[in-house]
Amino acid sequence: MRRTILSLLALAATLAAQTPFDRLVNADKDPANWLTYSGTLDGQRYSRLTQVTPANAKDLELKWVLQTRAPAEPNSKYEATSLVSDGVLYTVQPPNVVVALDAVNGKIFWTYPYNPAPQARACCGRVNRGLAILGNTLFMGTLDGNLIALDARDGHVIWNTQVGRPEAGYSVTVAPLVVKDKVIVGPAGGEYGISGYLAAYSAETGKELWRFNTIPKPGEPGHETWENDAWKHGGGSIWTTGSYDPALNLLYWGIGNASPDWNGDVRPGDNLYTSSVLALDPDTGNLKWHFQFTPHDEFDFDATQVPVLADITWAGKPRKVMLFANRNGYFYVLDRQTGEFLLGKPFVKVTWANGLDAKGRPIRVGHSTPEGSLIYPENQGGTNWYNPAYSPRTGLFYIPSWLDTHSINTSRAEPYREGMPFNGGSATHEVPALRPGPTNKRLPELASGAIQALDPKTGAVKWQFKMMDVTDSGVLVTASDVVFAGGREGYFYALDARTGAPLWKAMVGGAVSAGPTTYAVDGKQYISIPAGNAIFTFGLR
Amino acid sequence: MRRTILSLLALAATLAAQTPFDRLVNADKDPANWLTYSGTLDGQRYSRLTQVTPANAKDLELKWVLQTRAPAEPNSKYEATSLVSDGVLYTVQPPNVVVALDAVNGKIFWTYPYNPAPQARACCGRVNRGLAILGNTLFMGTLDGNLIALDARDGHVIWNTQVGRPEAGYSVTVAPLVVKDKVIVGPAGGEYGISGYLAAYSAETGKELWRFNTIPKPGEPGHETWENDAWKHGGGSIWTTGSYDPALNLLYWGIGNASPDWNGDVRPGDNLYTSSVLALDPDTGNLKWHFQFTPHDEFDFDATQVPVLADITWAGKPRKVMLFANRNGYFYVLDRQTGEFLLGKPFVKVTWANGLDAKGRPIRVGHSTPEGSLIYPENQGGTNWYNPAYSPRTGLFYIPSWLDTHSINTSRAEPYREGMPFNGGSATHEVPALRPGPTNKRLPELASGAIQALDPKTGAVKWQFKMMDVTDSGVLVTASDVVFAGGREGYFYALDARTGAPLWKAMVGGAVSAGPTTYAVDGKQYISIPAGNAIFTFGLR
Amino acid sequence: MVLKRLHVSIWALALFGLPLFAQEGHGVTPADIQRGLLIYTSSCINCHGPDGDLISGVTLASGRFRRAQSDNDLIQIIQKGLPGTAMPPGAYTDDQASLLVAYLRSMSTSAKSTRNGPPGEPARGKALVESKGQCLNCHRIGNLGTVTGPDLTSIGGIRRLAEIETSLLDPSAEIRPENRPVRATVKDGTKIAGTLMNQDTYTLQILDSKGKLRSLYKANLRDYELLKISPMPNFKDKFTAQEMSDVISYLVSLKGLR
Amino acid sequence: MVLKRLHVSIWALALFGLPLFAQEGHGVTPADIQRGLLIYTSSCINCHGPDGDLISGVTLASGRFRRAQSDNDLIQIIQKGLPGTAMPPGAYTDDQASLLVAYLRSMSTSAKSTRNGPPGEPARGKALVESKGQCLNCHRIGNLGTVTGPDLTSIGGIRRLAEIETSLLDPSAEIRPENRPVRATVKDGTKIAGTLMNQDTYTLQILDSKGKLRSLYKANLRDYELLKISPMPNFKDKFTAQEMSDVISYLVSLKGLR
């Protein structure tokens with residue numbers, strides 16, 4: 001008997017890599033798997049799976065649930081988008097517990113319960129937005145500022161690299177993005193006065209290969225947009241995943257707010273590259289172009305949305321564009337080869353700017369003030385990090401929106417102290433930033449959420465599905481014209497991608513604060529969504 | 001407008017009581033509601049609802065989930081049986097968070113988040129097993145030893161009475177039982193050397209009306225079964241709900257282990273009324289009869305199961321009996337008018353006793369020893385507090401069992417110190433007593449669980465549904481011959497009550513450690529079960 | 001459905017809103033203090049009371065703390081509790097703890113009363129509440145009254161004097177979210193009144209005027225409204241100055257169950 | 001399905017079992033110590049190491065503790081952590097903490113080695129592991145080897161010397177649950193081998209011999225077995241005494257990533 005076992009085991013010596021980079025590039029042709037944060041490198045969250053349709057979505061049923069075993073922490077949220085590779089689903093329970101499980105039946109293969117160091121700072125929740133995979137290796141950022149490589153087969157640590165110092169407020173909450181042989185991440189910490197960067201690490205060794213300073217240091221282009229040495233703690237955090245265009249070999253990434261958030265007086269200038277989107281050469285980290293949505297931000301308007309890359313007809317001609325619904329309340333279309341501003345239009349009520357000029361620069365009319373200024377949208381934004389989706393079939397861009405909310409933005413002088421919040425003020429708003437309370441007794445005009453479908457050619461809202469409470473959910477759209485998304489009320493929905501009509505809903509009893517994924521095993525399509533402290537997976541009866 | 005509102009509100013002055021005691025007595029005729037811990041006062045957990053049948057159970061679908069909002073504590077478990085009264089479901093999230101919600105859609109009406117005092121001791125998990133209701137008042141025991149009355153309409157506190165001193169290890173985890181105008185509870189704390197009692201409190205005022213000492217004090221009958229002053233810290237805890245026979249006007253209650261658990265040498269004698277069932281006059285607390293399952297217990301064999309009252313044919317004649325599957329591994333049938341022992345038979349492997357004598361007294365062959373003795377069943381028992389069910393239709397008694405487990409029972413000299421564990425030893429066993437780990441890698445022969453169906457006339461196991469892991473789930477049976485139960489693996493099952501054949505299952509992703517309830521609203525039947533940190537409710541498509 | 005006569009109160013926003021970020025003891029704003037109050041009300045008031053003096057030997061409003069010299073010390077205590085005492089650790093972020101400190105620091109200077117009435121007599125106030133005031137037609141105090149209005153059993157234990165005064169003199173000045181009256185009309189014309197318990201995209205949860213908990217399905221309603229005007233009458237002109245003092249002194253004395 | 005050749009090891013029980021109740025520092029039993037070891041292995045070993053000496057200045061096995069005089073002090077530290085240090089609070093019951101203390105107290109006296117071999121040379125041991133021992137056919141060390149056997153990258157950081165010795169000299173003496181080999185036969189006769197990751201009533205989760213994570217559905221299997229005999233060869237007669245010392249010294253030196 002022993003001989004048999006040993007000879008079987010010997011097979012293991014020749015293991016093929018599970019997920020080479022080619023698979024990520026061609027993920028659209030492989031919709032059974034969900035191999036990157038956004039499903040495909042273009043950030044579309046558009047799945048070619050078509051088994052679930054507007055006609056049969058009502059027949060979706062619960063397949064399995066996995067609840068977190070570790071105790072939930074009061075300020076944690078389950079924000080991770082799951083990856084699925086060959087029938088194995090990888091998720092990150094907050095804050096940094098990696099779980100590999102069978103995507104069909106929900107049974108756990110292994111868990112890696114990383115416990116962040118106590119000095120980890122989390123301004124806005126102990127969260128993690130997910131993993132990247134390359135070959136047999138998973139990559140996770142940690143709340144205490146590390147990037148960890150794990151063997152996808154058994155969860156063993158391969159390497160562990162420090163991205164930033166946790167005691168100074170650097171944490172890694174973003175799902176990393178793999179481009180070729182590199183893992184791209186950067187630190188969160190815009191509320192601790194970090195000086196941000198996007199960095200590439202060798203997938204094999206964890207060695208840093210390049211670093212792009214999102215707050216340019218003296219001598220670097222863009223440094224002139226800072227005065228008073230404010231660049232030293234200028235923010236420019238990274239906390240939502242970018243996208244990549246293999247044909248252009250360009251990496252796109254949205255950058256966080258300027259620090260201190262609400263007090264712009266101490267940092268005169270445009271404060272590049274805060275609240276901007278960058279186009280970088282992923283081999284070198286060199287900047288190709290940038291576009292700043294909110295120059296000299298005073299409202300905590302991070303530009304940390306996923307840049308969605310789409311090839312659409314623009315003014316009668318095919319054009320490679322980027323779609324970007326911004327926290328500041330405007331929806332933008334940019335030429336992604338050049339960064340040229342093509343269109344900008346508010347998708348919610350906006351009072352801080354009186355429109356955009358021809359270059360897309362906002363005509364600023366509102367400011368944070370020591371007395372407090374009432375500004376639409378509230379500082380949580382018209383949308384936020386919650387991922388959008390784009391369907392090349394419908395030609396519509398789907399976003400989770402907070403409709404017509406406002407906050408009172410107060411500025412304040414505040415010294416920088418390492419590791420302490422460095423906000424320079426605050427926003428008072430109706431809706432809690434973190435977990436919802438058990439009941440909602442808000443007056444309806446003070447907050448509501450929606451899934452909106454925008455026509456990228458005009459910025460017009462084609463339809464919107466309105467919810468009583470706001471939503472932190474990401475959106476998914478499929479090639480059978482079904483949109484999936486949820487909200488804080490604990491519903492997870494299927495909507496008609498062409499009309500917004502609700503097709504199906506499940507009451508999952510916890511806020512949906514992550515993006516859905518869809519995948520297939522043995523020809524059967526599943527839709528999976530974290531909610532509250534659990535992950536729920538549905539499929540047709 | 002104001003006038004209209006005020007006149008409408010004035011109606012409120014004439015509110016009728018929601019749940020008078022008559023409703024509890026006649027609960028079997030009102031199966032749309034679930035008004036006591038066991039559904040009916042006889043402890044049967046037999047529901048007359050018949051919409052879900054063996055034929056259509058496969059069409060059960062998820063209706064709603066409610067996850068706990070409060071952070072889960074590492075050693076908490078969700079053990080509460082829900083009550084349902086007129087479409088409102090009342091549950092207790094651990095440790096003492098009462099939630100009132102709409103039984104149809106899962107939306108919360110109110111929460112009462114009682115926070116036990118830090119001096120609360122919980123030997124075996126921060127748990128609560130549920131509420132009682134009378135009129136418009138809910139009753140909850142607390143981990144820090146109190147009994148609290150809440151207005152069922154808004155969760156406001158009506159009164160709060162101390163049952164026992166938390167700093168001495170007294171806690172109240174049992175679901176109270178209402179008999180007439182009294183609320184019956186007692187303290188847990190058998191691992192802290194309490195001196196137990198069952199007590200009745202005025203439902204209206206919280207005033208204590210009688211107290212029966214489960215460890216008789218000097219001068220009380222049964223005191224002679226203790227030597228060496230061991231009665232002072234003799235245990236005899238209360239932590240699973242009793243039952244009541246209105247015709248006999250008798251209250252039945254199972255009593256916990258003797259303290260110290262494993263060291264019997266310091267307490268020679270039978271140690272009444274530990275590991276016994278009592279029959280009491282609920283008006284006075286006077287003892288009518290008692291039966292001790294495990295005299296001089298050395299294995300932590302609490303008799304804290306629900307006494308199930310059934311009227312069956314015994315030796316050709318109708319007889320009022322009590323069915324009692326005991327932690328010690330034996331199934332018992334007693335005459336509930338007299339306490340007469342009718343039958344005792346092991347339902348799992350038993351090595352501590354070599355059968356029972358004619359009076360039902362065990363023929364002891366095993367003891368806890370300083371070196372450690374291997375004893376079947378393990379100290380968690382052949383079954384435990386997990387509630388059984390009895391169907392008058394099938395005539396079968398359904399129990400959750402731990403099949404053929406064992407532990408090494410070690411005794412040790414140990415002084416009593418107030419508020420400290422007072423176990424006099426320990427049991428080493430394969431299966432963790434509290435939460436399961438994320439994965440199960442145990443050898444299959446070391447533990448498995450089952451739902452067993454026993455024939456009360458013979459004690460024979462008619463069928464058993466075996467699970468790979470053990471189960472802490474209660475059992476429910478309906479008049480359409482469907483059994484509901486779950487287990488630690490995270491499955492919740494419907495089984496055929498006559499054959500044990502699995503009809504349907506749901507993977508709820510957390511251990512089932514509570515009893516299911518079923519109820520109906522607007523003619524539609526629902527089945528609800530806590531699992532992990534959430535409560536799941538199912539109904540037919 | 002129709003939502004009418006609703007307007008936004010900036011002050012209500014400040015009261016209801018939860019903090020995202022906070023200050024660190026520098027340049028505290030009134031908004032910070034309001035947000036600190038919100039946390040205090042939800043987490044501290046049950047033990048420390050509305051005036052911070054319910055625990056013997058601990059007077060939060062004094063601005064002096066036995067075990068804390070600095071704001072940072074206070075933050076440590078708020079977050080980690082005081083071992084060996086009943087003060088538990090609290091799961092507060094630094095920001096939330098800072099807001100709490102801002103509120104604690106403000107307590108000593110906040111006004112206790114906005115009116116200069118004569119001294120009150122609780123026993124007379126009790127009689128007024130139960131008779132002339134007709135308060136128990138809507139409110140509950142202990143075992144008396146009804147549940148349609150806010151429970152007053154512990155009102156003196158959870159509200160400061162000035163807040164109780166405001167409620168009597170200008171009931172609509174601030175309707176707390178937990179006391180929001182709701183009014184709905186079913187499609188068949190039936191009117192329903194009650195207190196809002198919860199709501200979502202499809203339903204309202206209410207405690208209706210008959211004392212029954214129920215969900216209203218918006219799809220079945222002709223319209224509904226969350227009232228901004230309190231159904232409670234204004235007692236400014238109903239009570240004499242002496243009666244008002246009596247009633248207030250009685251309400252302040254209601255510490256109820258905690 | 002068929003389950004064969006299984007027997008119960010009392011010792012394994014003591015190792016795998018989790019404590020329900022524990023003692024309070026009186027009359028500690030070997031079982032208590034084993035249960036303490038279990039907690040230590042799951043919760044403490046990653047920072048403190050198998051011998052309790054990985055944190056500079058902290059030597060748990062010395063039996064002396066800078067900040068603790070009594071067992072109760074130790075229990076406090078275990079439960080509440082040490083503010084200002086990397087020692088976090090731990091969610092242990094009193095009982096669990098007591099078992100941990102029992103284990104800590106036992107560390108100083110527990111044997112370090114069961115054999116009297118010559119001194120080992122890690123570099124020679126490394127060569128033996130990679131060549132003559134053929135260890136990397138089943139094990140992984142860093143980036144080398146495979147994942148079918150236990151990962152040895154950090155073996156010196158998570159196992160004491162005596163445990164490593166036992167694994168080499170008598171591999172089946174103790175198969176840890178995380179290394180349980182499984183063997184199954186599908187109904188069509190296909191053989192499957194791998195490591196058990198998880199199991200339930202209907203399925204087995206395995207890492208199969210091709211390095212693939214998969215569920216096996218018992219309904220599709222002719223039979224399956226969780227092996228009690230380790231597939232690892234016994235090296236007692238394969239290595240000379242010197243070679244054994246070299247290999248052990250190499251394995252002990254593998255502290256890997258933590």
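Keep in mind that the numbers below use all heavy atoms, side chains included, and drop hydrogens, waters and symmetry copies. Every chain is numbered from 1 and lettered A, B, ... according to where its sequence line falls, protein lines coming before strand lines.
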> With a 4.5 Å cut-off on heavy-atom pairs, point out which of Thr439(A), Val99(A), Ile535(A), Val508(A) contacts chain B the most.
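Greatest number of close heavy-atom pairs with chain B: Val508(A).
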> Measure the spacing between CZ of Arg541(A) and CZ of Arg541(B) and express it to the nearest 0.5 Å.
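Interatomic distance, Arg541(A) CZ to Arg541(B) CZ, rounded to 0.5 Å: 4.0 Å.
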> Do you know which two heavy atoms are closest between Leu62(B) and Leu62(A), and how far apart they sit?
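Closest heavy-atom pair between Leu62(B) and Leu62(A): CD2-CD2, 3.8 Å.
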> At a heavy-atom distance under 4.5 Å, which candidate from Ala531(B), Gly490(B), Ala506(B) has the highest pair count against chain A?
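Among Ala531(B), Gly490(B), Ala506(B), the one with the most close pairs to chain A is Ala531(B).
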> I need the contact set between residues 102-110 of chain B and chain A: heavy-atom distance under 4.5 Å, sorted by residue number.
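Hits under 4.5 Å: Asn105(B), Lys107(B), Ile108(B), Phe109(B).
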> To the nearest 0.5 Å, how far apart are OG1 in Thr537(B) and CE in Met507(A)?
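Rounded to the nearest 0.5 Å, the OG1-CE separation comes out at 11.5 Å.
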> With a strict 4.5 Å heavy-atom criterion, list every residue of residues 111-121 of chain A that contacts chain B, or say none.
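From residues 111-121 of chain A, the residues near chain B are Thr111(A).
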> Using non-hydrogen atoms and a limit below 4.5 Å, what part of residues 512-529 of chain A faces chain B?
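Listed by number: none.
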> What option among Gly510(A), Gly509(A), Ala511(A) has the most heavy-atom pairs under 4.5 Å with chain B?
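Most heavy-atom pairs within the cutoff with chain B belong to Gly509(A).
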> Among all residues two or more places apart in sequence or in another chain, which pass the side chain to side chain contact (heavy atoms under 4.5 Å, CB included) test with Ala534(B)?
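For Ala534(B), the residues satisfying side chain to side chain contact (heavy atoms under 4.5 Å, CB included) (neighbours in sequence not counted) are Gln67(A), Val65(B), Gln67(B), Phe536(B).
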